[in-house]
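Note on naming: letters A, B, ... go to the chains in the order of the sequence lines (proteins, then strands), and numbering restarts at 1 for each one.
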Amino acid sequence: MAAPSYGLIATFETAPGLYHAAEQVRDAGYKNWDCITPFPVHGLDKAMGLKRSVVPRISLCGGITGFFTGMSMIWWTGAWDYPLIVGGKPYFSPMFAFPIAYELTILFTAFATIGGMFFLNGLPMHYHPVLKYEKIRRGMDDLFFIVIEARDPRFNLANTQALLEKAGGKDIKDLET
Amino acid sequence: MSTHAASAPVPLVADSSIASSANKALIIGLVGIALTALGLFVSTPTAVALSWLVGITYWTAIVIGMLMLVLIHHIFDASWSTVIRRQWEHGLASFKWLALLFLPLVLVSWFGGHHDLVWPWMDPHHHVHGGTVGTDILYQKKSGFLSREMFTGMTIAFFIAWVWLSARLRKASFSQDRDGDLKWTMMNRTTAAMGLPIGALTLTFAAIYWVKSLEYHWFSTMYGVWFFANCIRGALCFGVIIMVWLYHRGDYKGILNTNHLHSIGQLMLAFTVFWAYITFSQYFLIWNANIPEETFWYNLREINFDGAPNQWKWVGMTLLFGHFFVPFFFLLSYRFKVTHRIIRGIAYWILLIILIDLCYNILPALKDAHGNPLPFISLNLLWVLTSVVGIGGVCVWAYLKSFPTAKLIPIRDPRIGESLTHHE
């Protein structure tokens, strides 16, 4: 037998064709698969059965961390490590710590959002098996693809191929890892 | 001319339930106004007048917010908000009635007693500590701006500007429904380009004359922006309430989708943060600079002259948590923004808290014999309530009267197709 297969790739010529095929793959219960399109196809996430991203939750954690970092930093510098009266104000007040805490909330939220997005997408990724496929560049131009990975528990070469054919996929190929 | 008539089913019949709701709103409004008038036999005229000022400022703020949102919609050539824009245009029908309802406050300033029933600076003999308004250097320096003539002329100018801009927006939008001519879109853009600075200036000066000048010693450069934040938040909340109402009534079926609610919810979140930013900045700058001419305004709202905390301190805390933290954390959630019942609940909550915000800014002008502000929880709250219901009834009536005069959505707007298929 040749090198282990990464999965199957099928070509679709139109966005509606891909959209309805995605619905069929979703309904067949596959989890490890993806669509490759030259532009965002609205509603495709629903057709693929994708849930909303969890990035906002990571952002919220980042924001809360930033807020408390800002508050405790001002408290630590002004009231604990080197107590100093400035402008007749108390050593610590959330009032003047607020601008710092607010800025760090935004900064840490941004870091958490970018970081969370990279992490969840598995970025940076320098190699992906579909890149070996000679037609893949047209996925940035005028063709649509569905890739079903062999590691999906439901993957079965014959059945998956039959599903993609039934869904209207053309030119179904086995991808090397 | 190319037109893009909407293909969605649009029920256009002026049904009788709207007409009867309009009558009910008008009756509720008139009862509220009558009850407020009865208040004159129970409380002092100043207390009733300031409660009326809370009511009229509240509803004017909401309608100004609608005006600004429609102008912003046109200046950005926005698409998703096209389906809700028409309802804000109906809301603009209230401006002329608000002008009429503001009239009593102007009249008592000219013909009522010593002219100082509402705004103390209108009477040069009004007693301020250490002298009278007329001998007060801070008044003398501001007297070119703070005079009865200026106040009256400016207030008339505000309402003329708002009624005029509203009339232009409504005419262009409603006419386009009939002929689909793109010149109406161009006219709306012109109105928006000149209307936004006019709107910004008029709402700022309205906030200064009507509300801020109650304590004319005070300085705050944030005041107009604070008022603007409340205006927009009020109008967005009404937008949500109307969207959910029309959806469940059946009109918006096939028109409204989840993404419209998500988008307006995002704006509500943005303006919640904006309000907090402005309100905190005002407080923080005054707290940090610690100058008596500025701090007295917050001192009044925290402690009495004997140093004991007063009720307004707790009202301020209610604003901090209720006007910012509660809506902020609720609006962070996607699910809450798109669940009809929840987003409508948040909208009602924000509308209530805007009213409390206006009470916080206006009612401490009512002082007892020692110069301490009268407490928040008092009979005056009843007159605030009757004023809000009274003026609100008239505004809702004006909206419902306008509602059947135009199609539900601007069916020939160039952006209506995009709006109907609005997606993330």
Could you list which of residues 322-334 of chain B have a heavy atom closer than 4.5 Å to any heavy atom of chain A, in residue-number order?
B:Leu332, B:Tyr334

What residues of residues 277-316 of chain B make heavy-atom contacts with chain A at a cutoff under 4.5 angstrom?
B:Tyr277, B:Phe280, B:Tyr283, B:Phe284, B:Trp287, B:Asn288, B:Asn290

Within a radius of less than 6.0 Å around [atom1] of [X], do more than 12 heavy atoms belonging to other residues, nucleotides or ligands occur?
X        : atom1 : result
A:Met95  : CE    : yes
A:Lys170 : NZ    : no
A:Lys166 : NZ    : no
A:Phe39  : CZ    : yes
A:Phe119 : CZ    : no
A:Arg154 : CZ    : no
A:Glu165 : CD    : yes
A:Arg52  : CZ    : yes

Is it the side chain or the backbone of A:Arg57 that comes within 4.5 Å of chain B heavy atoms, both, or neither?
neither

What's the separation between atom NZ in A:Lys46 and atom NE2 in B:His423, rounded to the nearest 0.5 Å?
13.5 Å

